[in-house]
There are 2 protein chains.
Amino acid sequence: MPQQPPRRATRADVARLAGVSDSTVSYALTGDRPISDETRERIERAMDDLGYVPHARAAALASKKPSLVALHFPVGERGIDVSDLNYVNAASDRAEVEGIQLLMWTHDINDIDALRRLVSQGLIDGIILMEVRQHDERVDYLRTTRLPFVTIGRTKDNTALSYIDADFDAWGPLAVNHLADLGHTEVALISQPGSVVESGYGPVILTQSSLMAQAERRGMRVHLVNSRPNIRAGREALAQLLTAHPGITAAVGFNAPAMIGVLEELAVMGLRVPEDMSILHFGISPEQAEMTVPAQTTISVPGGVLGDEAMTVLIERMTNASAPTRQILAPPVLVDRGSTGPAPLRAD
Amino acid sequence: MPQQPPRRATRADVARLAGVSDSTVSYALTGDRPISDETRERIERAMDDLGYVPHARAAALASKKPSLVALHFPVGERGIDVSDLNYVNAASDRAEVEGIQLLMWTHDINDIDALRRLVSQGLIDGIILMEVRQHDERVDYLRTTRLPFVTIGRTKDNTALSYIDADFDAWGPLAVNHLADLGHTEVALISQPGSVVESGYGPVILTQSSLMAQAERRGMRVHLVNSRPNIRAGREALAQLLTAHPGITAAVGFNAPAMIGVLEELAVMGLRVPEDMSILHFGISPEQAEMTVPAQTTISVPGGVLGDEAMTVLIERMTNASAPTRQILAPPVLVDRGSTGPAPLRAD
DNA sequence: CTGTTAGCGCATTCAC
DNA sequence: GTGAATGCGCTAACAG
């Protein structure tokens with residue numbers, strides 16, 4: 001075990017030991033200018049001997065380059081699951097490439113005071129906001145600030161706002177076309193409770209209306225059900241739907257717990273997936289999709305894309321104050337896990 | 001909306017506008033020396049006018065006081081649930097009082113390289129490790145380092161290691177005494193799978209053996225079951241136990257999913273809690289305990305205590321290099337949620 | 001290829 | 001009560 005030196009070695013210590021000037025040590029580190037092999041070796045040996053590690057905070061102060069970024073992940077009631085961490089990890093990986101660390105911030109979404117304190121401290125160089133609402137106080141506050149920020153998701157008024165979001169307008173058509181091409185003409189849409197939709201939750205509204213519009217174009221009938229997010233509600237919803245509309249050959253979900261209920265009910269009724277009923281699910285993570293029996297075909301944004309893109313945009317904004325506003329919509333991806341198939345012939 | 005100033009105001013700007021020297025502004029801020037009311041007012045007005053906020057990073061550099069601490073929370077497979085956030089929030093709150101920010105770090109527990117990079121950066125002033133294992137590579141690495149650190153949980157060889165942990169040796173006796181006082185003489189212990197115990201998972205081993213020892217002293221018979229952590233296994237375990245040992249009047253759990261199964265099976269069998277069977281559960285959070293029907297009486301460490309204590313110790317170590325090693329065991333707390341009661345008279 | 005110099009924004013010691 | 005001066009550890013012109 002190495003002896004612990006009394007104090008942190010500094011660049012000056014290294015320079016002295018290597019017999020070069022301070023700045024030469026810096027340049028040897030960054031490679032920003034050519035150094036003779038011999039000098040470089042002496043410096044490296046000195047660094048080793050002293051156990052020298054550069055001090056990022058001092059560097060940040062001097063260079064005025066970003067070194068710490070916050071990711072606001074308001075956890076609220078539901079915690080953070082493994083799929084959420086895709087965002088975080090992707091953002092973190094992207095940041096590390098630039099030598100930037102990620103401060104994961106989990107305060108309540110309404111605790112603007114805490115946010116204000118964080119920002120005022122001058123500790124962080126930028127911030128990414130997750131779980132953005134149609135009207136979001138955090139955005140209002142940050143707009144009054146000099147701090148660069150990017151949102152994952154968008155507010156209603158997104159003027160001059162840099163954001164990354166899923167392109168929900170494309171989700172509906174993608175689903176409809178996939179099913180219509182398989183011959184389905186009558187489908188169920190198991191959506192969120194009415195209250196969620198009415199409160200202006202963007203993803204559901206945009207997806208739902210784009211789906212309806214495309215269904216009309218393709219001559220597909222859609223039966224919309226606003227289901228509470230639990231297993232029992234999903235079971236009941238499916239049972240009622242099939243009674244009322246026996247011609248339904250596919251169920252599209254935007255409600256993970258309810259869809260578990262739908263799958264349970266199908267199993268109870270002896271209906272097979274996808275032979276008797278096709279299943280398609282919006283927005284759930286691969287982990288959630290693989291967890292059920294059978295696994296579900298999904299339409300969503302690949303984990304990590306949003307996090308990575310957000311960090312990329314933020315870095316641009318931090319580095320270049322006059323960088324243009326970027327509003328990015330990530331295209332949806334359909335992952336076929338075998339729960340959709342040709343429409344069965346069914347006696348209406 | 002305020003106009004965005006071209007650049008951040010500095011202390012020098014404030015001093016100039018207020019017509020005082022730089023240091024006077026500093027002292028006005030910290031209150032470290034007397035300032036005339038008149039001067040103070042001028043300074044405060046100047047700060048307001050300029051929208052001045054102190055720059056934490058520069059302050060940290062100059063004062064050499066800690067300003068950023070990492071909390072390593074290896075999320076692994078299971079994600080972060082709301083009760084986990086108790087630790088985080090408690091630590092974060094404690095840190096904020098000292099003007100320290102918390103960097104929540106979720107990299108894999110085995111990614112020592114990433115840890116090395118984080119530490120080498122010189123960005124953080126200390127680190128708290130969660131989910132510590134009996135033999136933990138992170139600890140091995142950090143020991144070779146000058147960076148102050150504290151663990152939540154302890155390694156096998158904890159020489160010169162500062163840690164906070166639950167006092168598992170006290171869990172068993174607390175449970176046994178509680179039940180024995182209620183007249184129970186034959187109980188089941190629904191523990192973790194044998195593999196977990198054999199791999200040297202400290203909490204289970206310590207709790208289990210302290211429970212056995214105290215049971216012997218109090219003349220209580222304990223039937224140990226190593227159950228897989230899922231609902232079905234719990235149901236089966238209870239059914240078999242009651243068949244083999246009908247005299248059992250209480251079930252003690254250290255296995256959240258299995259205990260849900262136990263409760264289900266009791267309900268199916270028409271047995272009431274606590275009239276027919278008492279239930280006591282180790283180590284689960286209040287949220288988990290309240291989630292079941294009926295809610296469960298628990299023995300555990302109050303959420304937040306560990307996080308708060310860990311941060312306190314870390315701050316001490318960062319502030320005072322020669323601070324003594326602290327090894328703290330937090331006492332258990334029994335929270336009675338009504339699932340334990342007097343032992344029923346049962347015909348053996 | 002390498003050294004010198006002047007800061008980054010602030011805390012703090014030493015003067016008055 | 002207040003100001004001047006020095007330095008935290010490093011970067012980045014500006015000089016050779």
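Numbers restart at 1 for each chain; the letters A, B, ... are given by sequence-line order, proteins then strands.
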Item to check | 5' precedence on DNA chain D between Ile35(B) and Ala12(A) (nearest-nucleotide basis) | outcome: Ile35(B)

Item to check | Whole angstrom value for the distance that separates C1' of dT2(C) from CZ of Arg16(A) | outcome: 18 Å

Next on the checklist: OP1 or OP2 of dT2(C) versus the side-chain N and O atoms of Thr39(A): is any pair under 4.0 Å?
Outcome noted: yes

Next on the checklist: Please determine whether a side-chain nitrogen or oxygen atom of Ser36(B) lies at a distance below 4.0 Å from atom OP1 or OP2 of dT2(D).
Outcome noted: yes

Checklist entry - Between dA11(C) atom C1' and Leu61(B) atom CG, what is the distance in whole Å? => result 10 Å

Item to check | Exceeds 12 heavy-atom contacts within 6.0 angstrom, atom CG of Asp48(B) | outcome: yes

Item to check | Asp111(B) and Arg117(B): CA distance, side-chain angles, deciding distance, salt bridge (charged side-chain N to carboxylate O under 4.0 Å, His left out) verdict | outcome: CA-CA 10 Å; Asp111(B) 195 349; Arg117(B) 286 197 302 276; 5.1 Å; no

Checklist entry - Hey, does the side chain of Tyr52(A) come within less than 4.0 Å of dC10(D)'s phosphate (OP1/OP2), counting only N and O? => result yes

Next on the checklist: Please tell me if Ser26(B) has a side-chain N or O lying less than 4.0 Å from either OP1 or OP2 of dA11(C).
Outcome noted: yes

Item to check | Nearest listed nucleotide, side chain of Pro34(A), among dC1(C), dG9(C), dG1(D) | outcome: dC1(C)

Checklist entry - If you take atom types as modelled and just measure distance, does the side chain of Ser23(B) reach the base of dA11(C) with a donor-acceptor pair under 3.5 Å? => result no

Checklist entry - Separation of His55(A) atom NE2 from dC8(C) atom P, in whole Å? => result 18 Å

Item to check | Length of the line joining Asp13(A):CG and dG7(D):P, which is rounded to integer Å | outcome: 15 Å

Item to check | Flag if over 12 foreign heavy atoms under 6.0 Å of CG, Asn320(A) | outcome: yes

Item to check | Most 5' of Ser21(B) and Tyr27(A) on DNA chain D, judged by nearest nucleotide | outcome: Ser21(B)

Checklist outcome for this item: To the nearest angstrom, the CZ-C1' distance between Arg11(B) and dA11(C) comes to 8 Å

Checklist entry - How long is the line joining CG of Asp125(B) and C1' of dG9(D), in whole Å? => result 14 Å

Item to check | Short N-O contact, Asp136(B) and Arg133(B), less than 4.0 angstrom | outcome: no

Item to check | Most 5' of Lys65(B) and Ser63(A) on DNA chain C, judged by nearest nucleotide | outcome: Ser63(A)

Checklist entry - Can you find a side chain N or O atom of Lys64(A) that sits less than 4.0 Å from OP1 or OP2 on dC10(D)? => result no

Checklist entry - What nucleotide among dG3(D), dC10(D), dG9(C) has an atom nearest to a side-chain atom of Thr24(B)? => result dG3(D)

Checklist entry - What does Arg33(B) touch in the nucleic acid at a heavy-atom separation under 4.0 angstrom: a base, only the sugar-phosphate, or nothing? => result base

Checklist entry - How many Å lie between CG on Asp22(B) and P on dT6(D), as a whole number? => result 14 Å

Item to check | Cationic N near anionic O, under 4.0 Å, Asp140(B) to Arg143(B) | outcome: no

Next on the checklist: Tell me the interatomic distance from Ile43(A), atom CD1, to dC10(D), atom P, rounded to whole angstroms.
Outcome noted: 13 Å

